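For reference, the structure discussed in these notes is given below.
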Amino acid sequence: MRFEGKVAIVTGASSGIGRATAKMMARDGAKVVAAARRLDRLEALKAEVAEAGYAGCILPVQTDVRDPKQIDNMFDVALKEFGHVDIVVNNAGMLDGQLPIHETSQEIYDMLYETNQRAVYLGCQRAIKIFLEQGTPANIVNVASAASLRGLKGGTMYVMTKHAVLGITRNISASFFEKGIRCNCIEPANIRSEINKVPRDLGIGILDWQMRAGNAAPLHTITKPGEKKPILGTPEDCAELICFLADDVAARYLSGAEVKIDAGFLNM
C-alpha cells in the first residue's frame, strides 16, 4: 500500500493515462480526486474501484481544466473532503491535429494553450502553495510528451505547449526540492489512448498527419488504415511509471526527471 494515507489529484481521469493512473493509485491505497469533464465516466471509475475492493477510493470532480475557477474548485474539494493533498498528476491534454503554424487559428491556439500549458501551470501553482503550507513531503508528476523533445513537422501548438510542460517541471524541481517537494514528468509516445478523439471530432487536421508529420510522427499515426499497427504502449504502462515517480519511498531522490516511455522511439 505505497499510497496509504495519501491524497492524489489526477486530471484527465476519465480515460487513457489519467484513468489508469487514478485506478492504480486507488488500488495502492490513495484517496484519489479524479477530475475530468465527463462525469459519467468518473462515476463509472468510482464504482469499478469500489467493486474491486481497493484500499483507496475515487472522488469524482467534474472539471474542465481550461477554466481556472474549476481548477481551484478541484483543489478546494480535495482539501474539504480529505484535509490535505500529497500528489498532483497534471495529465489532461489534447492534440492539434498536426496543424502547422500558418494553419493554426486563434481558437485552436487558445484551446491547446489553455488545456496543455496554462492548466499545468495553474495546477502546479496551487499544488506548490498547498505543499508549502503543509510542510510535508509531496510531489507533482506532469505528463509531457515526445513532443517535449522533438520539433516534429506541423503540430506547432502541441509541440510548444509540451515543451512548456518540460520547462515548468525543471523549474519546480530546481526551486523546491530543498522544501521536500519533488516534480517529475513522463514523455510518452505511441500510447494507445483517446487523445486523438478531440481533433477527430472537431475535424482538425487529423487526416493529414502522414503528410504533415512524416517520419517524425509517432508510429501509429503514419500507418495506413487497414495495415497492421506497430506495437503500442498502454495507459497502464504510463500509469506504472507515474506511480513510481509519485512514490516518496521508491523515487525519493528523483526530481526533475524526464522519463521517456516510448519503447525506444525517440532513439530512432
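Just so it is clear, the model here is predicted, and its values are computed rather than measured.
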Worksheet entry | Least distance between heavy atoms, Gly5 atom then His84 atom | O-CE1, 3.3 Å
Fill in: Short side-chain to backbone donor-acceptor contact, Asn190 and Leu232, under 3.5 Å
no
Worksheet item: Is Val141 reachable from Phe176 through a run of hydrophobic residues whose side-chain heavy atoms are each under 4.5 Å from the next?
Response: no
Discussion item. Does any part of the side chain of Thr234, heavy atoms only, come nearer than 4.5 Å to the side chain of Ser193, both counted from C-beta?
Written reply: no
Fill in: Considering all heavy atoms, the nearest Ile17-Pro235 contact
N-CB, 3.7 Å
Fill in: Test side-chain contact (heavy atoms from CB on, under 4.5 Å) applied to Asn116 and Met94, step by step
CA-CA 7 Å; Asn116 292 0; Met94 67 169 294; 4.1 Å; yes
Worksheet entry | Shortest non-hydrogen separation from Phe82 to Cys57 and the atoms involved | CZ-SG, 4.5 Å
Worksheet item: Looking at side-chain heavy atoms only, is the closest gap between Ile140 and Arg182 below 4.5 Å?
Response: no
Worksheet item: Is Glu103 close to Thr156 at the side-chain level, that is, under 4.5 Å between some pair of heavy atoms?
Response: no
Worksheet item: Between Asn139 (side chain) and Ala246 (backbone), is there a donor-acceptor pair under 3.5 Å?
Response: yes
Worksheet item: Would you find more than 12 non-hydrogen atoms of other residues, nucleotides or ligands less than 6.0 Å from Arg2 atom CZ?
Response: yes
Fill in: SB check Asp64 Arg38 (cutoff 4.0 Å)
no
Fill in: Glu48 with Arg41: basic N within carboxylate O range, under 4.0 Å
no
Fill in: Student check: side-chain heavy atoms of Phe131 and Pro137 closer than 4.5 Å
no
Item to complete: May I have the step-by-step check of side-chain contact (heavy atoms from CB on, under 4.5 Å) for Met74 and Ile9, ending in yes or no?
Response: CA-CA 8 Å; Met74 174 181 76; Ile9 294 175; 3.7 Å; yes
Worksheet entry | Beyond-backbone contact of Asn73 with Val61, side-chain heavy atoms, under 4.5 angstrom | yes
Item to complete: I would like to know whether Met25 and Tyr54 meet side-chain contact (heavy atoms from CB on, under 4.5 Å); could you show each step before the answer?
Response: CA-CA 9 Å; Met25 286 185 167; Tyr54 290 161; over 6 Å; no
Response to the item:
What one should report as the nearest heavy-atom pair of Ile58 and Ala22 is CD1-O, 3.7 Å
Worksheet item: Looking at side-chain heavy atoms only, is the closest gap between Leu99 and Ile108 below 4.5 Å?
Response: yes
Fill in: Point-to-point distance, once rounded to the nearest 0.5 Å, from CD1 of Ile242 to SG of Cys238
6.5 Å
Worksheet, complete the sentence: The side chain to side chain donor-acceptor pair (under 3.5 Å) partners of Tyr113 (sequence neighbours excluded) come to none
Worksheet item: Would you find a donor on one side and an acceptor on the other, under 3.5 Å apart, between the side chain of Asp28 and the backbone of Met1?
Response: no
Worksheet item: Is the shortest heavy-atom distance from the side chain of Lys162 to the side chain of Leu166 under 4.5 Å?
Response: no
Fill in: Side-chain donor or acceptor of Asp96 paired with backbone N/O of Tyr158 under 3.5 Å
yes
Discussion item. Keeping Ser148 on the side-chain end and Ala144 on the backbone end, is there a donor-acceptor pair under 3.5 Å?
Written reply: no
Worksheet entry | Asp237 side, atom CG; Arg192 side, atom CZ - distance, nearest 0.5 Å | 11.0 Å
Discussion item. Can you tell me how far apart CZ (Arg19) and CG (Leu45) are? Round to the nearest 0.5 Å.
Written reply: 5.0 Å
Practice prompt. Give the intermediate values and the outcome of salt bridge (charged side-chain N to carboxylate O under 4.0 Å, His left out) for residues Asp110 and Arg118.
Written response: CA-CA 10 Å; Asp110 291 343; Arg118 188 179 69 182; over 6 Å; no
Worksheet entry | Heavy atoms of other groups near Glu4 CD, more than 12 under 6.0 Å | no
Worksheet, complete the sentence: CE of Met24 to CG of Leu241, rounded to nearest 0.5 Å, is 10.5 Å
Fill in: More than 12 heavy atoms from other groups under 6.0 Å of CD1 on Ile101
no
Practice prompt. Indicate yes or no: at least one non-hydrogen side-chain atom of Lys23 is less than 4.5 angstrom from one of Arg27.
Written response: no
Worksheet item: Which heavy-atom pair separates Phe177 from Ser255 by the least distance, and what is that distance?
Response: CD1-CB, 3.6 Å
Worksheet item: Counting only heavy atoms not in Tyr121, do more than 12 sit closer than 6.0 Å to its OH atom?
Response: no
Worksheet item: Salt bridge check: are Glu258 and Arg170 linked by an N-O gap of less than 4.0 Å?
Response: yes
Discussion item. Tell me whether Ser175 contacts the main-chain N or O of Asn171 through its side chain, where contact means a donor paired with an acceptor under 3.5 Å.
Written reply: yes
Worksheet item: Are any of the side-chain nitrogens in Lys260 or Asp262 under 4.0 Å away from the carboxylate oxygens of its partner?
Response: no
Practice prompt. Using a strict 4.0 Å threshold on nitrogen-to-oxygen distance, state whether Arg252 and Asp247 make a salt bridge.
Written response: no
